[in-house]
There are 2 protein chains.
Amino acid sequence: MNSPHLTAIVQNPGLTSPAAVAGSAASFASPTFSPLYQQIKALITQSLQSGEWKPGELIPSENELALRFKVSQGTVRKAIDEMSADNLVIRRQGKGTFVATHHEARSQFRFLRLLPDEGVPHYPENRIVEVKRLRAPADVARLLDIKSGDSVVFLRRVQSFSAIPTILDDLWLPGSIFKGLTAERLNEYKGPMYGLFESEFGTHMIRASEQLRAVCADESAAQLLNVDVGTPLLNVERVSFTYGDKPVELRRGLYLTSAHHYQNELS
Amino acid sequence: MNSPHLTAIVQNPGLTSPAAVAGSAASFASPTFSPLYQQIKALITQSLQSGEWKPGELIPSENELALRFKVSQGTVRKAIDEMSADNLVIRRQGKGTFVATHHEARSQFRFLRLLPDEGVPHYPENRIVEVKRLRAPADVARLLDIKSGDSVVFLRRVQSFSAIPTILDDLWLPGSIFKGLTAERLNEYKGPMYGLFESEFGTHMIRASEQLRAVCADESAAQLLNVDVGTPLLNVERVSFTYGDKPVELRRGLYLTSAHHYQNELS
DNA sequence: AAGTGGTCTAGACCACTAT
DNA sequence: TAGTGGTCTAGACCACTTT
């Protein structure tokens, strides 16, 4: 049915067929090769990155995509299956496939692993302590993959559960992306910051890498969290990434773990 | 091709066909129903649990299993795909599908998330401090899903990286499963304890749930880890599960995080 | 050469959602 | 009723490993 070299869609240069298709015995060695469904996955991800389909929006159906890319529906299905496993899209039977968004009850706790020892989890209240622009120190620049001295937005906030200060976060964001970020904007916004980043700055976080350590509260932390100096705190350093594995946020959090814990599932 | 009610294999009571099969329009409401591949997955998992195929061993090929269960190879494939994603089995192209085992370089760090801040990860040395049998306290019994007062094996050990004590672990294990566990046995064994548990006690860990907190070293911890009293430590409480989500290990670890960190990927 | 998992296609029907 | 994703089948060929 298909020629061994698939030309796929007009906008794209053409897929490299990795395997002979049904009814044909075509076979050839390709210098760089990947399965068709991986190429489809990459193309769809590019469309997400370029903003062709924005977070929360419906993407074309499997059949439409199969026609567009000139592959079978099953191949598109396998591509989207993986993207669904990667939390890039969400499938809803009968409705369609939607671009993942941080504006959902479902994803409120996706990146917040601090849970109460007792009782039901609920989202904390935010208090912005400080917002300023500064030149990136070397260590920050390295983690954000920008140049030392580049403009960054620095942000400090305190999160409270039931009016008890529990999380002190310091954030560094590339100035080039988060231009108009102000304390007012942050204070009037309810819910996870990643929702704001997504809507206002077109930056959708897809994954994060965290490093945890135990530390003692210094004076500044003790004051903001209303604890004694020397209180043990969970230090969480996070780098968050958007499409293309581009780092776009550095966060250093201090978690008070006397009534909460960091939950992690190993498998 | 297939009858709507599949009788599958002799040892098993028969699968409930959730969907009409190709060429037939059979359809019926089932009170409890799940997709065929989920039922296959459950059956294969039962065989793992019963020890029909042991860790490290080769399981039958997809075609053999398809014949045994009287379903198509694609359905078996989907079942095994999920089991592979769950780390229950490992697929090797050209060789077959193997039962996951903790006796592999690949899985040495599967449950050990503490990495050095600098340099290459390597596996720590073990020192068993204490092994004894005791009656399960209420909190331990609850987490291990046994009765308060049941026999448990208690174990304390220190793990060191390059001769620097870094992890102090207290473990509680159900006495019914870990009967002959002694300090000698543990000391002569090299590598992850889960390998020993698997080989000597037939208990393979499939997942674990961890709760992290920051604490201060008490006198006993300070002595064993060679740090000052009050040093901040990462407290990791872990419950590990074997097949059937049965809890079989409770572990309370204290991690020294001055030169190491707990690494976690969020997605 | 034979057997394994990996990819791809084609077509059928089901479950669910919206109109 | 039409369209979506979800399941299941059947068959082909590929890549890899072992005999």
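The figures here come from the full heavy-atom set of this structure, side chains too, leaving out hydrogens, waters and symmetry mates. Protein chains get the first letters and strands the later ones, always in sequence-line order, with residue 1 at the start of each.
- In this structure, B:Leu173 and B:Phe201 have side chains that are not in contact, with every pair of non-hydrogen atoms separated by 4.5 Å or more.
- Between the CD atom of B:Gln73 and the P atom of C:dC8 there is a distance of 15 Å, given to the nearest Å.
- OP1 or OP2 of D:dG6 sits under 4.0 Å from a side-chain N or O of A:Arg91.
- Atom pair A:Leu67:CG and D:dT4:P shows a separation of 11 Å (rounding to whole Å applied).
- One can place CD of B:Glu62 at 13 Å from P of D:dT9, the figure rounded to the nearest angstrom.
- Regarding B:Gln93, its CD atom lies at a distance of 12 Å from the C1' atom of C:dG3, rounded to whole Å.
- Contact annotation: B:Lys95 side-chain N/O to D:dT18 OP1/OP2 distance is under 4.0 Å.
- Rounded to whole Å, the distance from CD1 on B:Ile59 to C1' on C:dG3 is 15 Å.
- The side chain of A:Tyr37 lies closest to C:dT7 when the candidates are C:dT7, C:dG5, D:dT4.
- Between the side chains of B:Asn264 and A:Tyr262, at least one donor N or O lies within less than 3.5 Å of an accepting N or O.
- Less than 6.0 angstrom separates the ring centroid of A:Phe161 from the ring centroid of A:His260.
- Contact annotation: B:Lys78 reaches the phosphate of D:dT7 (side-chain N/O to OP1 or OP2, under 4.0 Å).
- Looking at B:Lys70, its side chain never comes within 3.5 Å of a backbone N or O of B:Leu67 through a donor-acceptor pair.
- Base contact: A:Arg77 has a heavy atom under 4.0 Å from a base atom.
- Checking the phosphate oxygens (OP1, OP2) of D:dT4, a side-chain nitrogen or oxygen of A:Ser61 falls inside 4.0 Å.
- The nearest heavy atom of DNA chain C to B:Gly96 and to A:Val76 marks one nucleotide each, and the one closer to the 5' end goes with B:Gly96.
- No more than 12 heavy atoms of other residues, nucleotides or ligands lie within 6.0 Å of CD in A:Glu118, so this atom counts as exposed by the packing criterion.
- What separates CG of A:Asn63 from P of D:dA2 is a distance of 16 Å, to the nearest Å.
- Contact between the side-chain N/O atoms of B:Thr75 and the OP1/OP2 oxygens of D:dT7 is not found at any separation under 4.0 Å.
- Which of D:dT9, C:dG5, C:dT9 sits closest to the side chain of B:Leu36 comes down to D:dT9.
- We find that CZ of B:Arg92 is positioned 15 Å from C1' of D:dT18, with the value rounded to whole Å.
- Going from atom CG of B:Leu65 over to atom P of C:dT4 covers 10 Å, rounded to whole Å.
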